[in-house]
Amino acid sequence: MIIAIDGPAAAGKGTIAERLAAHYRLPYLDTGLLYRAIGKVMAEQGLDPDDAVGAGRVAAALDLTHLADPQLRGREAGELASRVAVHKPVRDALLKFQRDFAAQPEGAVLDGRDIGTTICPQADVKIFVTASPEVRARRRTDELNAKGRAVDYERILVEIRERDARDSGRTAAPLRKAADAHLLDTSDKAIETAFRAAVDIVERARAERA
Ligand code: C5P
């Protein structure tokens with residue numbers, strides 16, 4: 001079974017995807033880490049993340065299995081990721097790795113922005129996880145503050161809106177809900193409730209296919 005989870009930043013899709021993978025004992029790929037890794041390498045090498053050809057070259061040469069670096073999960077890496085992710089050569093270089101991951105015999109859970117639309121259009125279940133920008137900014141602010149990082153809610157809200165605009169506005173595989181994806185709005189849901197709703201969606205989809 002292939003489960004495709006998409007949605008904007010900080011909507012809860014990573015947590016939901018990880019928990020679904022554990023629940024169904026499926027391998028899990030956080031595809032955002034691929035773009036984050038490319039952005040980080042470019043910054044380290046002093047390359048311009050807005051250069052499509054250079055970014056494509058880095059993407060093609062990168063060892064995509066080394067994604068454990070905790071720095072990749074930071075805000076700066078996220079911003080760089082969304083800049084390199086607009087380039088078609090980057091997306092093309094990452095396509096095969098993601099499709100191969102999804103093609104494992106037991107299936108897989110992948111989360112990102114274009115899994116249901118581009119990477120796995122034939123996924124068994126597609127879930128588009130979203131929440132209002134204000135709720136996402138509040139969650140992100142609380143999360144960072146809890147880690148001892150003093151951040152301002154208004155600043156985070158601006159960053160979230162900018163990231164949404166860049167991810168949805170690009171020409172190459174923009175952030176979109178696939179026509180056959182189930183919408184899961186987590187704005188007024190605690191994570192446990194959101195996870196249960198995701199399991200219900202998967203179970204309904206499986207029953208329909210059986
Ligand atoms: O999900 P995460 O916040 O880690 O993603 C970082 C950035 O990588 C996103 O804002 C987006 O620009 C890009 N991305 C993408 N396609 C994916 C996953 C992530 O364009 N499948």
Side-chain angles (χ1 to χ4, degrees), residues 1-36 64-65 67 73 78 81-82 85 91-92 94-136 138-140 143 160 163-164 167-210:
M1 172 169 63
I2 298 176
I3 305 179
I5 313 279
D6 291 300
K13 67 181 184 319
T15 311
I16 290 173
E18 204 173 355
R19 289 198 54 182
L20 282 176
H23 184 80
Y24 290 106
R25 296 176 199 276
L26 292 169
Y28 165 53
L29 180 64
D30 171 355
T31 65
L33 289 176
L34 304 172
Y35 298 89
R36 286 168 180 261
L64 300 173
T65 56
L67 300 169
R73 298 187 182 270
S82 101
R91 309 199 73 87
D92 289 348
L94 299 179
L95 186 69
K96 185 176 183 307
F97 178 80
Q98 296 174 85
R99 286 205 176 141
D100 286 349
F101 190 91
Q104 296 179 72
E106 66 272 47
V109 179
L110 287 85
D111 86 51
R113 303 291 187 290
D114 62 340
I115 310 302
T117 54
T118 308
I119 306 295
C120 302
Q122 310 300 337
D124 299 282
V125 192
K126 299 180 187 178
I127 307 178
F128 192 84
V129 182
T130 191
S132 72
E134 291 77 11
V135 166
R136 290 186 281 131
R138 170 52 54 208
R139 284 186 192 147
R140 190 50 50 96
E143 200 180 287
I160 283 198
R163 185 103 81 87
D164 285 359
D167 288 351
S168 312
R170 67 183 179 219
T171 355
L175 168 66
R176 290 265 186 286
K177 176 187 166 299
D180 54 349
H182 300 263
L183 185 70
L184 177 51
D185 188 331
T186 67
S187 298
D188 57 358
K189 288 184 177 61
I191 190 62
E192 190 57 34
T193 318
F195 168 63
R196 284 285 141 212
V199 171
D200 285 350
I201 291 170
V202 175
E203 289 303 316
R204 276 203 309 274
R206 282 175 125 190
E208 275 166 24
R209 278 171 180 260

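Throughout, residue positions are numbered sequentially from 1 according to the sequence presented.
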>> Checking the side chain of Glu18 only, and the main-chain atoms of Thr15 only, is there a donor and an acceptor separated by less than 3.5 Å?
In response: no
> Near Gln122 CD, under 6.0 Å, is it more than 12 heavy atoms from other residues, nucleotides or ligands?
Replying inline: no
> Do you know which two heavy atoms are closest between Ala131 and Thr186, and how far apart they sit?
Replying inline: CB-OG1, 3.5 Å
> Can you list the steps and then say if Ile119 with Thr31 is a side chain to side chain contact (heavy atoms under 4.5 Å, CB included)?
Replying inline: CA-CA 10 Å; Ile119 306 295; Thr31 65; over 6 Å; no
> Out of curiosity, Leu29 CG to Asp100 CG, how far, rounded to the nearest 0.5 Å?
Replying inline: 11.0 Å
> How long is the gap from CD1 on Ile160 to CG on Asp167, to the nearest 0.5 Å?
Replying inline: 11.0 Å
Could you pull out every donor-acceptor pair under 3.5 Å between side chains of residues 172-185 and any protein atom, sequence neighbours left out?
unit_1 : atom_1 : unit_2 : atom_2 : d
Arg176 : NH1    : Ser168 : O      : 3.3
Lys177 : NZ     : Ala181 : O      : 2.9
Asp180 : OD1    : Lys126 : NZ     : 3.0
Asp180 : OD2    : Lys126 : NZ     : 3.3
Asp185 : OD1    : Ser187 : N      : 2.8
Asp185 : OD1    : Ser187 : OG     : 2.7

> Of Arg206, Arg209, Arg204, which meets salt bridge (charged side-chain N to carboxylate O under 4.0 Å, His left out) against Asp124?
Replying inline: Arg209
> Does a side-chain heavy-atom distance below 4.5 Å link Tyr28 with Leu20?
Replying inline: no
>> Give me the atom names and distance for the closest heavy-atom approach of Arg139 to Gly12.
In response: NH1-N, 4.5 Å
> Do the charged groups of Glu203 and Arg196 touch, with an N to O distance under 4.0 Å?
Replying inline: no
> So with a 6.0 Å cut-off around CZ of Arg73, is the heavy-atom count from everything else above 12?
Replying inline: no
> Where do Ile127 and Val202 come nearest, in terms of heavy atoms and distance?
Replying inline: CD1-CG2, 4.3 Å
> Tell me, do Leu110 and Phe101 make a side-chain contact under 4.5 Å, heavy atoms counted?
Replying inline: yes
> Closest heavy-atom contact between Ile2 and Gly107?
Replying inline: CG1-CA, 4.4 Å
> Quick one: do Asp114 and Arg170 make a salt bridge, cutoff under 4.0 Å?
Replying inline: no
> Is the closest side-chain heavy-atom distance between Arg113 and Lys13 below 4.5 Å?
Replying inline: yes
>> Quick check: closest heavy atoms across Ile5 and Ile115, and the distance to 0.1 Å?
In response: O-CG1, 4.1 Å
> Considering all heavy atoms of both residues, which atom of Ile16 and which atom of Val129 are nearest to each other, and what is their separation?
Replying inline: CD1-CG1, 4.0 Å
>> Nearest 0.5 Å, please: how far is CZ in Arg19 from CD1 in Ile191?
In response: 7.0 Å
>> Let me confirm one number: the CG-NZ distance from Leu64 to Lys96, rounded to the nearest 0.5 Å.
In response: 11.0 Å
> Are any of the side-chain heavy atoms of Arg163 and Pro8 separated by less than 4.5 Å?
Replying inline: no
